[in-house]
Protein chains: 4
Amino acid sequence: MNMAKFTDAQKEARRREILDAALRCFSRNGFHNTTTADIVREAGVSQGTFYLYFKTKDDVIAALADDESQSDALINAMAAAESDPVAGLTVLFNRHGQTLANPQHADEHRVAIQGWAEALRDEAIRKRVVANTLRVEQEIARLIARGQESGRFRADAEPQGIARALVALFRGLTLQSTWEGAFDSKLTAKTIEDMVRGTLLPVANATKTREK
Amino acid sequence: MNMAKFTDAQKEARRREILDAALRCFSRNGFHNTTTADIVREAGVSQGTFYLYFKTKDDVIAALADDESQSDALINAMAAAESDPVAGLTVLFNRHGQTLANPQHADEHRVAIQGWAEALRDEAIRKRVVANTLRVEQEIARLIARGQESGRFRADAEPQGIARALVALFRGLTLQSTWEGAFDSKLTAKTIEDMVRGTLLPVANATKTREK
Amino acid sequence: MNMAKFTDAQKEARRREILDAALRCFSRNGFHNTTTADIVREAGVSQGTFYLYFKTKDDVIAALADDESQSDALINAMAAAESDPVAGLTVLFNRHGQTLANPQHADEHRVAIQGWAEALRDEAIRKRVVANTLRVEQEIARLIARGQESGRFRADAEPQGIARALVALFRGLTLQSTWEGAFDSKLTAKTIEDMVRGTLLPVANATKTREK
Amino acid sequence: MNMAKFTDAQKEARRREILDAALRCFSRNGFHNTTTADIVREAGVSQGTFYLYFKTKDDVIAALADDESQSDALINAMAAAESDPVAGLTVLFNRHGQTLANPQHADEHRVAIQGWAEALRDEAIRKRVVANTLRVEQEIARLIARGQESGRFRADAEPQGIARALVALFRGLTLQSTWEGAFDSKLTAKTIEDMVRGTLLPVANATKTREK
DNA sequence: TATGAATGAGACTTCATTCAT
DNA sequence: AATGAATGAAGTCTCATTCAT
């Protein structure tokens, strides 16, 4: 017999196809109202093939949860790369605001929300989600700390608490923007900026900003 | 003739029992991993009885979504009742922070999160959740507006945007506190207060507070 | 305790109401797609009351099968009452043709057909239907025999066989007229008359008739 | 790639097995007292397999209704093939009489009767049954018309009406022969022949026949 | 006599997963 | 590596019937 007919890259590509198909299905109908039959139909493969790439249906959910982490991580990386922490935060906010308003990411958001619910009952998923949350929080806290070190952020702010609040805020906004078709991203962005400014910037700066 | 065998109150009580049982089950295993058999076992009634009080299993989910609305409404009512809008907001934050930390409300939060996911695919649930969101936002926005009228909040704040952000923030915190066993409510409460203060209070006040 | 609060007549009236309600329901949805809940709703009584008047749901079906017999019997009685057997048969045909075309009897026909199917699996119903069939056949055979005795029908006709064929014919026409909205009763009546004439009347008569 | 694991013929055979099993079950207990579990047990397949070949239980009923049509059509085809219309009718009568008396066809007749009842509430079935009825009527009417053209049948007979009456007659006889174990097919056949003769054959012929 | 809430067996159907080809 | 027919456990919901009031 000939072994390893397919390269790893080919196999990975196949896996991705199935994963993308699953994402679309899950977004449309939710995890539990999506059958493996739906997924394979959407992916254009057979039932048997599905099980060559995933051990169970829950496996797919977990794999998608990882994906989500990766995209978040990407955003963070970009933000952290900025040398100016204020600009870094701005990049972070804008990026996130854009994905909220961008219909192209709608599927991912819809599936992410379902993942949050799933995390309640699936230990593996929960661990991934929590770990991801902590990681993002650390990134943001570090940005804030750098801003404090450089004297541009108030020294008495709590990087940890603020970071956590910001992640929570983003998650909540994801919910709202996904439920409602329209989403006033400008108003929201302004509010967040105000909040962050009021909390992080020294009074003098804050005042100046307001007076603009 | 028409001697009502059971009063409406009795029937409502029965319904509540089933609803509470369902809440416990859903909290434990999630909507979709809870069978009607689980619910009736927990409630101590027969399968048939369940369908005497609910048309379908999804009906229970919707009913629970309503419940959630009611409890939120209660909180708001109390907050709005305060003559001092600043105190009103404080009541609101404390209340919410307490329920987050209170294990007694854990079931409700766990089910609420699942409801958010469910809202993505069930129009009826989505409408309820969105309507509830708007209602809460209005309440908070009104509190803020009253604070602005009395000159205690900055006039240039956007009540609507801030209210929306606060609701989002609360939702996100609900996620985090439910996933992680422990939740540093003190740090979180302080952060939120800071955020709100920095955003709402006039600079002079904000500064004073900070200096305390 | 006071016994016999209701007279038999009152009880019978109540029973009839339920029976009529059941007939309407069965006609609409068939025996098996009609629930006892449907029947009591249509009759305006409670579930419990239903079981005061009927032992089981099948009981209702049997009772309706009897009803059918009675109405058929009525028709026969009238036909038999005619002193002239030819006129008697004519009455019989016309009566039957009229009920086929009459929408008022539609429910009864629809339920009768279901009874035929039910007779296949329910011994009690089958016995009733067969007994009824035989009785009607006897009546018709007797009419024919009387016609033969008076010399108006051909002596070599087989009353038994013809009677049986006529009953079969009527049943088949019931099917067709019930399935199809419209029913050309005139053409059918003429055909039956021709058939009977050709079979029963002496050649001379038959010819004369034709020549008219 | 797309190596058809099973040929269409194999799949059709499997479908037939289930269909035949269903026929036996329906014949025994009726549509509504036959469970899908009964059918799959009789067919020797699993529940899941059943739903691989039929969308619902009602689907099976419809499929059987079609089968019935086909067998009837077969009979007609044979009758129509006869060059002599009188002989054609005879073939038709004999065929039908034989299946009535033949216990091998008992199941089909029992199920056919149930289909008649089912046609009252299921539009799809009704359409099939009515269409089938019309088709058979047309065939018979054509036979009669051919007989008239060749001068062997009376010119004043109404092919349409007679055909319709004959179909009705056959249906009614199916009922009777199915309810009662025994069925005097000889007497019945003779009666039908007499009826048809009396109606269709010219007087001279009719008389001659009688005198035989 | 009348009510209608309660019951629970059982019906239909779905679906994740397997395995022979 | 790929297929897709087969499986059967399990889920949701219905409904004839009972019984305490």
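Proteins come first, then strands; the chains are lettered A, B, ... in the order of their sequence lines, and each starts at number 1. Since this is a predicted model, take the numbers as computed values, not measurements.
- Between the CD atom of Gln10(B) and the P atom of dG4(E) there is a distance of 14 Å, rounded to whole Å.
- The distance from atom CD1 of Ile18(B) to atom C1' of dA6(E) is 11 Å, rounded to the nearest whole Å.
- Take the nearest nucleotide of DNA chain E for Phe31(D) and for Gly44(B): the residue whose nucleotide is more 5' is Gly44(B).
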Check step by step if side-chain contact (heavy atoms from CB on, under 4.5 Å) holds for Tyr53(B) and Val45(B). CA-CA 11 Å; Tyr53(B) 291 91; Val45(B) 299; over 6 Å; no

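- In this structure, of dA6(E), dA11(E), dA1(F), it is dA1(F) that holds the atom nearest to the side chain of Lys11(A).
- Below 30°, between 30° and 60°, or above 60°: for His32(D) and His32(C) the angle between ring planes is below 30°, a parallel geometry.
- Using a cutoff of 4.0 Å between basic side-chain nitrogens and carboxylate oxygens, Arg24(D) and Asp107(D) are not scored as salt-bridged.
- The interatomic distance linking Asp38(B) (CG) with dT12(F) (C1') rounds to 13 Å, in whole Å.
- Rounded to whole angstrom, the span from the CZ atom of Arg15(A) across to the C1' atom of dA1(F) amounts to 17 Å.
- Donor-acceptor pairing under 3.5 Å, judged by distance alone, is present between the side chain of Gln47(C) and the base of dT17(F).
- Comparing Thr36(C) and Thr34(B) along DNA chain F, the residue whose closest nucleotide (by nearest heavy atom) sits nearer the 5' end is Thr34(B).
- Straight-line distance from the CZ atom of Arg41(D) to the C1' atom of dT7(F): 17 Å, rounded to whole Å.
- Here His109(A) pairs with nothing under the ring pair (Phe, Tyr, Trp, His ring centres under 6.0 Å) rule; sequence neighbours left out.
- With dT18(E), dA5(E), dT12(F) as the candidates, the nucleotide lying closest to the side chain of Tyr51(B) is dT12(F).
- The distance from atom CZ of Phe50(D) to atom C1' of dA11(E) is 12 Å, rounded to the nearest whole Å.
- Taking each heavy atom of Leu19(C) and Ala63(C) in turn, the nearest pair found is CD1-CB, 3.9 Å.
- Comparing dA2(E), dG8(E), dT18(F) by their closest approach to the side chain of Ser46(C) singles out dA2(E).
- The CZ atom of Arg14(C) sits 9 Å away from the C1' atom of dT1(E) (whole-angstrom rounding).
- In plain terms, the two heavy atoms of Asn29(D) and Arg121(C) that are nearest each other are O-CD, 3.5 Å.
- Nearest heavy atom pair, residue Ser27(A) against residue Gln114(A), reads CA-NE2, 4.3 Å.
- Within the 3.5 Å criterion, the main-chain N or O of Trp116(D) finds a donor-acceptor partner in the side chain of Trp179(C).
- Of the listed nucleotides (dA16(E), dA2(E), dA1(F)), dA1(F) has the atom at the smallest distance from the side chain of Leu52(A).
- Listed by residue number, the members of residues 55-62 of chain C with any heavy atom below 4.0 angstrom from DNA chain F are Thr56(C), Lys57(C).
- Summarising the geometry, the separation between NE2 on His32(A) and P on dG11(F) is reported as 14 Å, rounded to the nearest angstrom.
- Of all nucleotides listed (dC12(E), dC13(F), dA2(E)), dA2(E) comes nearest to the side chain of Thr49(C).
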Candidate pair Phe54(C) and Thr36(C), rule side-chain contact (heavy atoms from CB on, under 4.5 Å), full reasoning: CA-CA 11 Å; Phe54(C) 298 93; Thr36(C) 55; over 6 Å; no

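- Annotated stems with DNA chain F as a participant read E:2-21 with F:2-21, given as range with range, by first number; only runs of 3 or more Watson-Crick or G-U pairs under 3.5 Å qualify.
- Remark: Tyr53(C) is not in phosphate contact with dT1(E), judged by side-chain N or O atoms under 4.0 Å from OP1 or OP2.
- Formation of a donor-acceptor pair under 3.5 Å by the Asp38(B) side chain with backbone atoms of Thr35(B) is found in this model.
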